[in-house]
Asks: 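Would you mind keeping the following structure in view while I ask a few things?
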Amino acid sequence: MSMSRPCSRSLVLPLCLLVVLSALNGQAAAASRVRVSSSTTMTRNIEEENALLLLLAGPPVLSESIMGTVGRLPCNVTPPIYEDRVALVIWYKVGLKTPIYSVDTRDSNFAQGTHWSDETYRERLSFYVEGRAGTLTIKSTTEDDTGEYRCRVDFQKSPTRNSKVNLTVIIPPESVIILDSKGATIKDHTLGPYNEGSGINITCVAIGGRPQPRVTWLHGNTVYKDASVGQPLSERRVANVLSLPRLERRNLHMQLTCRAENNNLTTPIISSVVLDMNLRPLIVKLQGENRPLSAGNSYQLSCVVIGARPAPTITWWKGSTPMKNTHEIANPDGNMTTSVLTFTPTIDDRGKFLSCRAEQSMIPESGMEDGWKLDIYHIPVVSLELGTNSLNSTLREGIDVFFECNIKSNPWIYKVSWRHNGEILANNPAEGIAVSNQSLVLQNASRARSGIYTCVGSNREGDGESNPVQLDIRFAPVCRPIQKTTYSSGRHETVKVACEIDANPAETTFVWKFNATQGETVDIPASQVAVDRGRSIAHYTPMTENDYGTLLCWATNEIGDQSEPCVYTITPSGEPDPLLNCTVLNQTSTGFQIECIEGFDGGLQQDFIMEVYMNGTTRNPKISKSKRPYFEVSGLVPGLGYNVFLIAQNGKGRSNATILQVYTLKDPEKQTVKITFTKSYQRFRPALPKPKATATTTSDCICDEDEFLNLGKGISHDEGKDVVQQEGSGGYYFHLIFY
């Protein structure tokens, strides 16, 4: 059948096409054998073959190649019958008018056959056979290499075989970028931070690639199925939007990966972001247990906040009042923050609500709190006041006085005690003191009950004492117990007699009277009476013997008159009485001390004199004066005897001397001597027995100094012996004993 004979219309079209192809193949084979040189005729034949094969051939073999790598186009070169062999292999690219490659094996095998390649491909094309399959390879594939290729195999005996191969040269995507909901590129691979509970929309855009890549979102190895595989934005851009409607705590630090791929040969391009979140507090807890706190003590209270990110804002509140003096400690992992409050409660804090509040400032309505109702222990707060009955009446002697003790205490008191001027006041009905829990009654109160009163409440926290209440019992004047009541004065000598009284109120008037010996009283003129610092002073001058006696003083205040007068005795003044019971103390080798008891002062101020003479002389005495009957002397010669004169004197003169004879010690060892000196008018007095040793030195001699100084004449003494002196009808007896 030749190509010039048209197909009969009665033939089926496919059968006609097969006949045409067979004719073409025969002509092509003949042309190849005779090497027809007419290019125009060959080009027309190739185009006709390609057009017909597009209709007759089955689905093409698909082949892929990454741009820049090797493309492989398979072709079946196995003869259909065993005795046959391949004569010629020709490769065509659909759309080109000439073959691109051929292998002539009519006179040899594939290895030694004649290989030809179109100049356009230069040396990029090669053909090799492994087993029964042949492969055309294209080196360094480009985008233009994409297309449909036809492999024609001519056999020596069998009909020609044609097969199709579709080569796709793949261009991988160049890059991917991730955009936030505002379309901004996410930097540092960190997404957010987003608030817990909010939603996010992020977009992954793949740039470049042919065919257009598939864009997917993954978390770990899990693909988000609800995210689209990508929507083209342009020829070079494909986008995929991931929506997470509500972020949860578990989404913190979630890694979201965008993957772009358009083949199975290369590694997909990926970009990942880590989701950063702001988390609201999960737990807010005051540490410890709610127990009573003591007012005035300092406490450190801790509040632990867990789950907030970043660190929350923690505040302390007492009721509606914010608290200060806090500091915070954050765990290294940032999941727990502890706030410490230094708190010193007061009594007024009892019943208030102490709370710790944590909130994430970037998340609205994220606050949580925990707190306690404060129970404050404190020392009892005590106030004391006079009872209503006592407030409304004048507090004078003889009335009943009521006190009320008001107490605020937590815990409640276990005891109430009362104090008067700091001393405990116990219940004593016999003395008119009635204590009944928080009340005190002073029955028939006397002026002795005046003073400061407090009540004390006691609980486990301590003792709370009330404010002091001054009880001022008003009473009529009375004589002050301790005052001078005896005055001495000479005739025509004025004496100032002071009348001292106790009275409340202290504003008083005075009346003076003189009580004569006949029992009559004479008023003292007001001109002779003066008031000095709350006391009345009468200037009284005895003129005759009858003017000595007693002065009477009465005082009056708003409470009443003095019931009993103050009595003062006026006596004639004279010399003082001698000193009594003089005792030698701390006797040493160079001195000694003497202490006496003073006698009557003669009605005048007195002072005291000691004169010390060495035995046998009246010259150069050691003299000392004192306001009280106590004397010291030093600088004496050891082992000698001294006569000591002890005298009291006042404005009227000197008393008789009390005379001691004292010996200084001969050595540092202390000695004690007892001297007894007695004046007697007996004709003869026998020797006195030795008295027992004592620790003091006493003298019974109260005599004239000159008389004593003349004693020494004719007197001898020995230690441990009695000495007797007889002279006229009288005599002096010494009993001198050394220890």
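All figures in this text were calculated on a predicted structure; none of them were measured in a lab.
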Asks: So with a 6.0 Å cut-off around CZ of R480, is the heavy-atom count from everything else above 12?
Replies: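 Yes, the 6.0 Å shell around CZ holds more than 12 heavy atoms from other groups.
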Asks: How about S458 and D463: does a side-chain donor come under 3.5 Å of a side-chain acceptor?
Replies: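 Yes, a side-chain donor-acceptor pair sits under 3.5 Å.
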Asks: Using the side chain to side chain contact (heavy atoms under 4.5 Å, CB included) criterion, which residues pair with E369? Sequence neighbours excluded.
Replies: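 Result, side chain to side chain contact (heavy atoms under 4.5 Å, CB included) vs E369: F353, S355, R357.
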Asks: Cut-off 3.5 Å, side chains only: do E595 and T583 have a donor facing an acceptor?
Replies: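 No.
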Asks: Is a donor from one side chain sitting under 3.5 angstrom from an acceptor on the other, for E385 and N406?
Replies: yes
Asks: Assess whether a salt bridge exists between R447 and D502, defined as any Lys/Arg side-chain N lying under 4.0 Å from an Asp/Glu carboxylate O.
Replies: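 Salt bridge absent between R447 and D502.
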Asks: Starting from the C-alpha separation in whole Å, work towards a yes-or-no answer on side-chain contact (heavy atoms from CB on, under 4.5 Å) for I314 and E328.
Replies: CA-CA 9 Å; I314 303 177; E328 295 180 2; 3.6 Å; yes
Asks: Under the ring-ring contact (aromatic ring centres under 6.0 Å, His included) rule, what pairs show up with a residue in residues 286-314, not counting sequence neighbours?
Replies: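 Residue pairs with at least one partner in residues 286-314: there are none.
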Asks: Which residues pass the side-chain hydrogen bond (donor to acceptor under 3.5 Å, both in side chains) test with S536, sequence neighbours left out?
Replies: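 S536: side-chain hydrogen bond (donor to acceptor under 3.5 Å, both in side chains) contacts with W512.
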Asks: Taking salt bridge (charged side-chain N to carboxylate O under 4.0 Å, His left out) as the definition, give me every residue that meets it alongside E248, ordered by chain and number, with sequence neighbours left out.
Replies: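 So E248 forms a salt bridge (charged side-chain N to carboxylate O under 4.0 Å, His left out) with R250.
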Asks: Determine whether R280 and E365 satisfy the following criterion, salt bridge (charged side-chain N to carboxylate O under 4.0 Å, His left out), listing intermediate values before the conclusion.
Replies: CA-CA 9 Å; R280 67 182 73 238; E365 300 180 359; over 6 Å; no
Asks: Any salt bridge linking R535 with E500? Criterion: basic side-chain nitrogen under 4.0 Å from a carboxylate oxygen.
Replies: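 Yes.
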Asks: Give a yes or no on whether a salt bridge exists between D349 and K318, defined as a side-chain N under 4.0 angstrom from a carboxylate O.
Replies: yes
Asks: For Y487, which residues count as a ring-ring contact (aromatic ring centres under 6.0 Å, His included) partner, sequence neighbours excluded?
Replies: none
Asks: Testing the 3.5 Å rule here: is there a donor-acceptor pair between the side chains of N650 and Q605?
Replies: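 Their side chains do not contain a donor-acceptor pair, so the 3.5 Å distance test is not met.
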Asks: For N467, what residues pass the side chain to side chain contact (heavy atoms under 4.5 Å, CB included) criterion, not counting sequence neighbours?
Replies: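 In terms of side chain to side chain contact (heavy atoms under 4.5 Å, CB included), with neighbours along the sequence ignored, N467 is linked to S383, L384, V469.
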Asks: May I ask you to say whether E558 pairs ionically with R474, meaning some side-chain N is under 4.0 Å from a carboxylate O?
Replies: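 Result for this pair is yes, salt bridge flagged.
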Asks: Using the ring centroid of each side chain, check whether F514 and Y540 are separated by less than 6.0 Å.
Replies: yes
Asks: Under the 3.5 angstrom rule, does the side chain of Q300 hit a backbone N or O of T342 as a donor-acceptor pair?
Replies: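 Such a contact is absent between Q300 side chain and T342 backbone.
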Asks: Got a sec: does the CD of Q470 have more than 12 other heavy atoms crowding it under 6.0 Å?
Replies: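 More than 12 within 6.0 Å, yes.
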Asks: Tell me if the NZ atom of K324 is crowded by more than 12 foreign heavy atoms within 6.0 Å.
Replies: no
Asks: Is E431 paired with R449 through a side-chain N to carboxylate O contact shorter than 4.0 Å?
Replies: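 The answer is yes: the pair qualifies as a salt bridge.
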Asks: Given C582 and T658, is the side-chain contact (heavy atoms from CB on, under 4.5 Å) satisfied, shown in steps?
Replies: CA-CA 8 Å; C582 295; T658 300; 3.9 Å; yes
